[in-house]
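Positions are given from 1 along the sequence. Being a predicted model, the structure only gives us computed values, none of them experimental.
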Amino acid sequence: MSDANAADDPRNEPRESMEFDVVIVGAGPAGLAAAIRLKQIDENLSVVVLEKGAEVGAHILSGAVIDPVGLDRLFPDWRDDPDPPLKTPVTADHFLYLGPAGAVRLPNFMMPPLMNNHGNYTASLGNVCRWLAGRAEALGVEIYPGFAAAELVYDDNGAVRGVATGDMGIGRNGEPTAAFARGMELHGKYVLIGEGVRGSLAKQLIAKFELDRDSEPGKFGLGMKELWEVDPAKHRPGLVQHSFGWPLPNGTGGGSFLYHLEDNQVAVGFVVHLNYRNPYLKPFEEFQRFKTHPRIRETFEGGKRIAYGARAITEGGWQSVPKVSFPGGALIGCSAGFVNVPRIKGSHNAMLSGILAADKCAEAIAGGKANDGALDAYEAEWRQGAIGHDLKRVRNVKPLWTRFGTMMGVAIGGLDMWINQITGGWSPLGTLGHGKADFAATERAGRHKPIDYPKPDGEISFDRLSSVFLSNTNHEEDQPIHLKVQDDALQKRSEYAEFAGLSWRYCPAGVYEWIDAEGNTLGDDATRKPDDAARFQINAQNCVHCKTCDIKDPNQNINWTVPQGGEGPVYPNM
């Protein structure tokens, strides 16, 4: 292998650079809203958006029931568009508690007003982002899909000056190939990070500037989603159905959704809170088992599954949001953690955060400032505005669910939401803490027993690999694995021997396997020893970029990084 420090190594060549007023990482609702807002304020501002997906929307995955408040702020006349981004208004809200064979529908009048979806829309968030990208480009925003921001660039004072895209054409052995191309630096007066949940750059910034020093640990869920074409007789455009309970045990948080879209399509999703304790639990299999419930199965019988995807969801809310500003820029959207967990909504707050950050960037640039702490004004205002108002009223729901389990936690959480609604944000409980980080909540395998999951039937329930196929995921195999194990010995000694190799269970895409000398996948044996002939295999080409491994690994020994730009899933209508 060559010496990466050698003068003739092409990786040591200086990168070309481009200068902009504002550099935005991520073409999600937050990043696109910020870009649009900047050009609405001053058409002469130069704004660029980097998107690691092959196209805008390719990596966007959400339920989604969308509160249009952010869209209304950007484009008050969006409903007059000949092809509006939101087409299907919510027509009915159903809340179910599932048992093994039956279900109880909770009366709508019992639900806190915040849970009412009147005025919201069922939609594909990916298609909403595609619509926003068209509007942004019409205003003069430069959008570069297929370019992954892999590195932060700092100035001499330690402030963020920009980002660099990853080098292309690096072989599996870590050496440049004949197709090598150096990455490019994009410099801005301010940099907005809207990578989504657990983004690699946001993770670095939070650590470097200790942005989470005064906040609670981040909390996350794993959300899995399928898109179905159903029998037209079973399709009810605008129906929104949420449920909790079976198949998850009372001590494991999570829930589900069914959203009826247009064109006989139904989105079905399942969320497992990643602070679950039992290392034998398999979130993907819980999702498949959920669909076999009589009240759920009936919707999909005779239908066709057309898409699948998975991603992590931020669940910490009000008390887990880190400081969102740093020298030279700010975190926006899910990079900051603005999801409202009880509402299962985040795109509205993502857009509002992008708009607010853009306002502060424009003010600072107009005042002749750059690469400084001027965006602290964004930090100071979000809690006092619409985002803070939305999150503060639900701040205790997640910790109550964690402490008391599903049945009692949801009931007490609902009561607390009612009190917050009536009092304008006051609660007799104050603001509860979250306690442990999700990875620390996982218990050793010896305290639990394996779970017997039914085999998929190929009609309603499916296996992981056929599901990954529907995500259109692709990674060039001759490149370094973008999932970095920091200590192989620790992975064998702890994740394998103490936690029974839970990575192959929590991953919803079949990326991780523990295999024996003959290449067979090791199953649920709880008697593993560090000296067993087992090898950790990473099938990185299957990765759907959900980031669960980065969150749930019990030793924080796996670091998710960006692969080459344009790779990963390509989600249609998700």
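- In this structure, His475 and His482 have parallel ring planes: the angle between them is below the 30° cut-off, well short of the 60° mark.
- Looking at Ser320, its side chain never comes within 3.5 Å of a backbone N or O of Gly317 through a donor-acceptor pair.
- Of the N and O atoms on the side chains of Gln541 and Glu567, not one donor lies less than 3.5 Å from an acceptor on the other residue.
- Between the side chain of Asn116 and the backbone N or O of His118 there is at least one donor-acceptor pair closer than 3.5 Å.
- Side-chain N or O atoms of Asn573 include none that pairs as donor or acceptor with a backbone N or O of Leu125 at under 3.5 Å.
- In terms of modelled atom types and a separation under 3.5 Å, the side chain of Lys225 and the main chain of Gly63 share a donor-acceptor contact.
- Salt-bridge annotation for Lys203 and Asp212: absent, with no side-chain N of the basic residue lying under 4.0 Å from a carboxylate O of the acidic one.
- Rounded to the nearest 0.5 Å, atoms CD (Glu137) and CG (Leu132) are 11.5 Å apart.
- The pair Arg161-Glu185 does not count as a salt bridge, with every side-chain nitrogen at least 4.0 angstrom from each carboxylate oxygen.
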| task | Take Arg135 and Asp81, measure what side-chain contact (heavy atoms from CB on, under 4.5 Å) needs, and give me the verdict at the end. | result | CA-CA 11 Å; Arg135 287 294 190 101; Asp81 191 290; 3.3 Å; yes

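- In this structure, Asn117 and Val65 approach most closely via the heavy-atom pair OD1-CG1, 3.5 Å.
- The backbone N or O of Pro237 lies less than 3.5 Å from no partner atom in the side chain of Glu262, so there is not a single donor-acceptor pair.
- Taking each heavy atom of Ala357 and Leu192 in turn, the nearest pair found is CB-CD2, 4.1 Å.
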| request: Carefully, step by step, assess Tyr571 and Val544 under the rule side-chain contact (heavy atoms from CB on, under 4.5 Å). | output: CA-CA 10 Å; Tyr571 292 134; Val544 294; 3.7 Å; yes

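- Closest of all the heavy-atom pairs between Gly70 and Leu352 is CA-CD2, 4.1 Å.
- One N or O on the side chain of Arg464 and one on the backbone of Cys507 form a donor-acceptor pair closer than 3.5 Å.
- You'll find the side chain of Cys361 stays beyond 4.5 Å of the side chain of Tyr378, heavy atoms only.
- For Asp359 and Arg37, the salt-bridge test passes: some basic side-chain N is under 4.0 Å from an acidic carboxylate O.
- Surrounding NZ of Lys304 are at most 12 heavy atoms belonging to other residues, nucleotides or ligands under 6.0 Å away.
- The aromatic rings of Trp131 and Phe75 lie perpendicular to each other, with more than 60° between the two planes, well past the 30° mark.
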| Under the side-chain contact (heavy atoms from CB on, under 4.5 Å) criterion, do Tyr144 and Thr165 qualify, and how do the steps go? | CA-CA 11 Å; Tyr144 297 151; Thr165 62; over 6 Å; no

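- With a 4.5 Å cut-off on side-chain heavy atoms, Leu483 and Trp560 count as touching.
- With hydrogens and angles disregarded, no donor-acceptor distance shorter than 3.5 Å links the side chain of Asp42 to the backbone of Ala362.
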| field | Trace of the side-chain contact (heavy atoms from CB on, under 4.5 Å) decision for Gln204 with Leu152 | value | CA-CA 9 Å; Gln204 293 175 45; Leu152 292 156; 4.0 Å; yes

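- Counting heavy atoms from C-beta outward, Phe439 and Asp553 have side chains that stay 4.5 Å or more apart.
- Tested against Phe270 for a ring pair (Phe, Tyr, Trp, His ring centres under 6.0 Å), the candidates Phe290, Tyr308, Phe284 yield a single pass: Phe290.
- For the pair Trp78/Pro85, a side-chain contact is recorded, criterion being any heavy-atom separation below 4.5 Å from C-beta on.
- Atom CZ of Phe147 has 12 or fewer neighbouring heavy atoms from other residues, nucleotides or ligands inside a 6.0 Å radius.
- The local environment of CZ in Arg236 is sparse, with at most 12 non-hydrogen atoms from other residues, nucleotides or ligands closer than 6.0 Å.
- For the side-chain contact (heavy atoms from CB on, under 4.5 Å) criterion with Phe220, the lone passing option out of Ile313, Ile551, Thr548 is Ile551.
- Panel note: side chain Glu51, backbone Ile143; no donor-acceptor pair is recorded below 3.5 Å.
- A 6.0 Å sphere centred on OH of Tyr154 holds more than 12 heavy atoms belonging to other residues, nucleotides or ligands.
- Under the 4.5 Å side-chain criterion, counting only non-hydrogen atoms from C-beta, Thr299 is not in contact with Trp228.
- Put simply, CD1 on Ile355 and CD1 on Ile387 are 9.0 Å apart, with the number rounded to the nearest 0.5 Å.
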Using residues 332-342 as the side-chain source, report each donor-acceptor pair under 3.5 Å to any protein atom, sequence neighbours left out, with the distance given to one decimal.
| residue | atom | partner | partner atom | Å |
| --- | --- | --- | --- | --- |
| Ser335 | OG | Glu195 | N | 3.0 |
| Ser335 | OG | Gly196 | N | 3.3 |
| Ser335 | OG | Gly196 | O | 3.2 |
| Asn340 | OD1 | Arg343 | N | 3.2 |
| Asn340 | ND2 | Asp390 | O | 3.2 |
| Asn340 | ND2 | Asp390 | OD1 | 3.3 |
| Asn340 | ND2 | Asp390 | OD2 | 3.2 |

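- Here Ser243 contributes atom OG and Ile296 contributes atom CD1; the two are 5.0 Å apart, rounded to the nearest 0.5 Å.
- Both tests do not hold together for Arg393 against Trp318: distance to the six-membered ring centre under 6.0 Å, angle to the ring axis within 45°.
- Rounding to the nearest 0.5 angstrom, the gap separating the OG atom in Ser503 from the NZ atom in Lys552 is 12.5 Å.
- Using modelled atom types, one finds no donor on one side chain facing an acceptor on the other under 3.5 Å when comparing Ser200 with Thr561.
- Between Met184 and Leu186, the closest heavy-atom pair is O-CD1, 3.8 Å.
- Between the side chains of Lys219 and His273, no donor N or O sits under 3.5 Å from an acceptor N or O.
- Side-chain contact between Met574 and Arg311 is absent, with no heavy atoms from C-beta onward closer than 4.5 Å.
- Residues Val90 and Thr122 form a side-chain contact, since some pair of their non-hydrogen atoms from C-beta on lies under 4.5 Å apart.
- The existence of a salt bridge linking Lys360 and Asp376 is excluded, since no basic side-chain nitrogen approaches an acidic carboxylate oxygen closer than 4.0 Å.
- Between Asp372 and Tyr190, the side chains place a donor N or O and an acceptor N or O closer than 3.5 Å (distance only, hydrogens not considered).
- Nearest heavy-atom pair across Ala358 and Ile41 is O-CD1, 4.2 Å.
- For the pair Val266 and His235, the tightest heavy-atom approach, listed with the atom from each and the gap, is CG2-CD2, 4.1 Å.
- A salt bridge between Arg198 and Asp550 is present, with a side-chain N of the basic residue lying under 4.0 Å from a carboxylate O of the acidic one.
- Between Lys398 and Glu315 there is a salt bridge, since a side-chain N of the basic residue sits under 4.0 Å from a carboxylate O of the acidic one.
- Side chains of Thr473 and Asn542 form no contact here, defined as non-hydrogen atoms less than 4.5 Å apart.
- Under a 3.5 Å cut-off, the side chain of His348 and the backbone N or O of Val69 do not form any donor-acceptor pair.
- Ion pair Asp21/Lys189 flagged as a salt bridge, since at least one NZ, NE, NH1 or NH2 atom sits closer than 4.0 Å to an Asp/Glu carboxylate oxygen.
- Expressed to the nearest 0.5 Å, how far CG of Asp67 lies from CG of Asn120 amounts to 4.5 Å.
- Here the side chain of Thr314 pairs no donor or acceptor atom with the backbone of Val197 at under 3.5 angstrom.
- There is a side-chain donor-acceptor pair under 3.5 Å between Ser467 and Arg305.
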